[in-house]
Every structure is written in C-alpha cells, then in structure tokens.
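The structure appears right after this line, and notes come after that.
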Amino acid sequence: MKKCLPIIFAALLMVSALIGCAGQNSSPEQNNAAAPSGETTISQPVTSTTGASSSTVSPTASAAYKKLIAYKTGNYEQQSIADFNAALASTPDELTEFLAAVADVISTISPSDENYDFFTTTITFSSQELYCEHMEEELTFSMPLSKQSRPCDYLDEDGETVYDFSCFVEANVAYSINAPELVAVAERDKALLTFKEEMQNYLNGLSEEEIAGGDIKKMLIDKATDLANSLSTENMKLSSCEIYMIDINGGAGEVIQ
C-alpha cells in the first residue's frame with residue numbers, strides 16, 4: 001500500500017497547484033494556501049460539531065466531505081498536532097484512504113464554502129505531514145507568491161484581467177515539528193500562514209523596478225530567512241524558502257529565473 005501513496009500524493013499536489021494558480025490569478029495582491037486532496041473512508045472519526053456536507057461540493061465528493069468535516073470539532077484548533085494527525089490516519093492503509101478523501105474534496109470545493117479554510121489549511125498541512133512521515137521525506141509546504149499591476153483595458157481568452165506587469169514566484173518552505181505533542185493545530189497553522197502572508201506582503205511592497213532590476217531571488221530568500229528565525233520556536237522550526245521559479249513579465253519582455 002505504501003507504493004500507492006506517492007501516486008495519490010502526486011495527484012493531491014497537482015490539485016494544490018491548480019488552487020494556488022487560481023488564487024494568484026484572481027487578485028494581483030493575494031496568495032492562496034494550497035492543499036492536497038483525496039477521497040474515501042476514515043477510521044474512528046471524531047463527532048462533528050458543524051454541518052455535514054455543503055452544497056458547494058459535488059455529489060461525488062460529498063461522502064468524503066462528510067468524513068473529513070467530522071474532524072472539525074469544537075476544540076480541534078487546541079488539539080496537539082500529535083493527537084490530531086493520529087486521529088486522521090495512523091497506518092499506511094488509513095493514510096491512503098485519507099489522502100484520497102482529501103483529493104476528492106479539494107478538487108471540487110468552492111472558496112465560498114464555510115469550511116474552505118479548514119480543508120485548504122488544517123487538513124492540507126496535516127495530510128502533508130502524515131505523508132512525509134510515512135515516506136520519511138522532508139516536510140515542506142508550497143508557497144506560491146504573485147504581484148500584478150497596471151491592468152490592461154482588455155481581458156484574456158478566459159475573461160480574466162490582463163496585467164502589464166506580473167511577477168509569479170514558486171517556492172517551498174521546509175519546517176519540522178520537534179515536539180508534535182506540544183504544538184497545537186492553531187499554532188502550526190498560524191505560523192505557516194503568517195510566513196506566507198508576510199512574504200506576499202513583502203513582494204507587494206516592492207516596486208516594479210526592484211523586482212525586475214534587482215536580485216529578487218536573493219531579496220526574497222533574505223526576507224524568508226528573517227521570517228523563519230522570528231517564527232521558529234523550540235518545538236517548531238521553519239527554514240528559509242527554496243525558490244525554484246520566478247516568472248517576471250514587464251510588458252517589454254519576460255524573464256524566467
């Protein structure tokens with residue numbers, strides 16, 4: 001069953017990337033938390049204190065939605081990462097089913113769904129942690145960033161606004177939770193979301209000249225290093241980001257680093 005996990009997780013990452021791209025294109029100064037995905041059953045679900053399924057989720061994903069939303073209890077944010085993740089999946093077989101359920105929901109859920117943040121943040125981070133733990137891989141989360149300015153007076157073929165200047169960044173941030181029994185779900189989520197939000201704010205604050213004419217990669221890495229140091233605690237350590245793509249289009253030309 002362990003051999004199936006990379007396949008399911010790859011599909012999950014693809015869905016996450018699509019969500020991230022959609023978020024980047026929707027607003028010039030927004031970044032979205034992407035999430036993994038899946039379908040199926042979850043053993044020993046916790047009693048839910050919220051509504052079951054949502055009308056924004058397709059019928060094919062409704063069963064997975066109901067199973068996953070059962071973990072959104074009244075105190076889930078105060079649970080430790082160790083307890084919360086263990087309840088989601090404690091064996092490779094359960095993890096395979098869990099990732100499949102996540103993929104099902106994430107691929108169909110609407111941003112207007114009242115539980116959207118729970119799925120794309122908490123469930124996403126936990127699914128990545130569980131997968132990396134079982135596969136003995138480094139723990140990272142995807143951090144797409146974007147800045148767009150000078151909107152044109154025409155739309156693209158999909159009806160989206162075209163901008164005369166754009167900068168898209170794809171990066172990963174590595175982190176480790178040294179004492180998962182001492183780190184609350186809310187603490188983890190806040191640290192990772194703050195890291196991404198502050199990086200997006202930093203990019204938003206740079207001028208077009210600074211982005212196109214300066215060493216933007218070094219600037220972003222330096223900022224990420226400072227953030228990682230300030231957000232890290234004794235029980236949860238964040239590393240500076242690894243940037244693997246920068247796409248800058250300034251009207252006169254395109255630069256891909």
Side-chain angles (χ1 to χ4, degrees), residues 8 11-81 83-89 94 97-131 141-146 160 183-198 200-201:
I8 294 176
L12 187 153
L13 290 178
M14 183 178 297
V15 173
S16 299
L18 291 174
I19 290 177
C21 290
Q24 286 181 331
N25 293 332
S26 64
S27 170
E29 296 185 353
Q30 288 182 351
N31 66 324
N32 289 34
S37 328
E39 149 229 358
T40 308
T41 57
I42 299 176
S43 63
Q44 300 179 352
V46 183
T47 301
S48 173
T49 59
T50 60
S53 61
S54 166
S55 59
T56 60
V57 177
S58 70
T60 57
S62 61
Y65 187 105
K66 290 178 181 178
K67 290 180 180 296
L68 293 181
I69 202 60
Y71 295 99
K72 189 181 179 183
T73 62
N75 69 335
Y76 82 93
E77 292 180 305
Q78 284 69 53
Q79 291 183 50
S80 70
I81 295 297
D83 290 342
F84 186 77
N85 288 0
L88 297 175
E94 290 179 2
E97 294 178 349
F98 170 69
L99 292 180
V102 178
D104 245 2
V105 172
I106 295 299
S107 63
T108 57
I109 195 171
S110 165
S112 63
D113 188 286
E114 64 179 351
N115 297 305
Y116 183 81
D117 289 342
F118 173 71
F119 288 117
T120 59
T121 298
T122 302
I123 290 296
T124 290
F125 293 154
S126 286
S127 63
Q128 292 171 335
E129 289 163 6
L130 286 166
Y131 173 83
F141 81 99
S142 176
M143 188 179 66
L145 306 171
S146 69
E160 301 290 338
V183 178
V185 169
E187 180 183 353
R188 177 205 60 190
D189 290 359
K190 182 179 180 180
L192 297 180
L193 290 179
T194 298
F195 193 112
K196 187 174 181 180
E197 180 181 4
E198 289 301 316
Q200 181 64 55
N201 290 340

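When all heavy atoms are compared, the tightest approach of Gln200 to Pro144 is OE1-O, 4.5 Å. Residues Val185 and Ile81 approach most closely at CA-CD1, 3.7 Å, considering heavy atoms.
Atom-to-atom distance recorded for Gln128:CD and Leu99:CG is 10.0 Å, nearest 0.5 angstrom. Taken from OH in Tyr76 to OG in Ser126, the straight-line distance is 10.0 Å, to the nearest 0.5 Å. To the nearest 0.5 Å, atoms NZ (Lys190) and CD (Glu197) are separated by 10.5 Å. A distance of 9.5 Å separates CD in Glu114 from CD1 in Ile109, rounded to the nearest 0.5 Å. With rounding to the nearest 0.5 Å, the separation of OG in Ser80 from CD in Glu187 is 11.0 Å. Atom CG of residue Asp83 and atom CD of residue Gln78 lie 13.0 Å apart, to the nearest 0.5 angstrom.
By the 4.5 Å heavy-atom criterion applied to side chains, Gln79 and Thr73 are counted as neighbours. Taking 4.5 Å as the limit, some side-chain heavy atom of Leu88 sits within range of a side-chain heavy atom of Ile123. Between Tyr116 and Thr121 there is no side-chain heavy-atom pair separated by less than 4.5 Å.
With sequence neighbours excluded, the residues that form a salt bridge (charged side-chain N to carboxylate O under 4.0 Å, His left out) with Glu129 are Arg188. Partners of Phe141 under the ring-ring contact (aromatic ring centres under 6.0 Å, His included) rule, at least two apart in sequence or in another chain, are Phe125.
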Can you check side chain to side chain contact (heavy atoms under 4.5 Å, CB included) on Leu68 and Phe118, steps first, answer last?
CA-CA 10 Å; Leu68 293 181; Phe118 173 71; 5.5 Å; no
Is there a side chain to side chain contact (heavy atoms under 4.5 Å, CB included) between Thr122 and Phe84 once you walk through the steps?
CA-CA 10 Å; Thr122 302; Phe84 186 77; 3.7 Å; yes
Working for side chain to side chain contact (heavy atoms under 4.5 Å, CB included), residues Asp113 and Tyr65:
CA-CA 11 Å; Asp113 188 286; Tyr65 187 105; 2.9 Å; yes
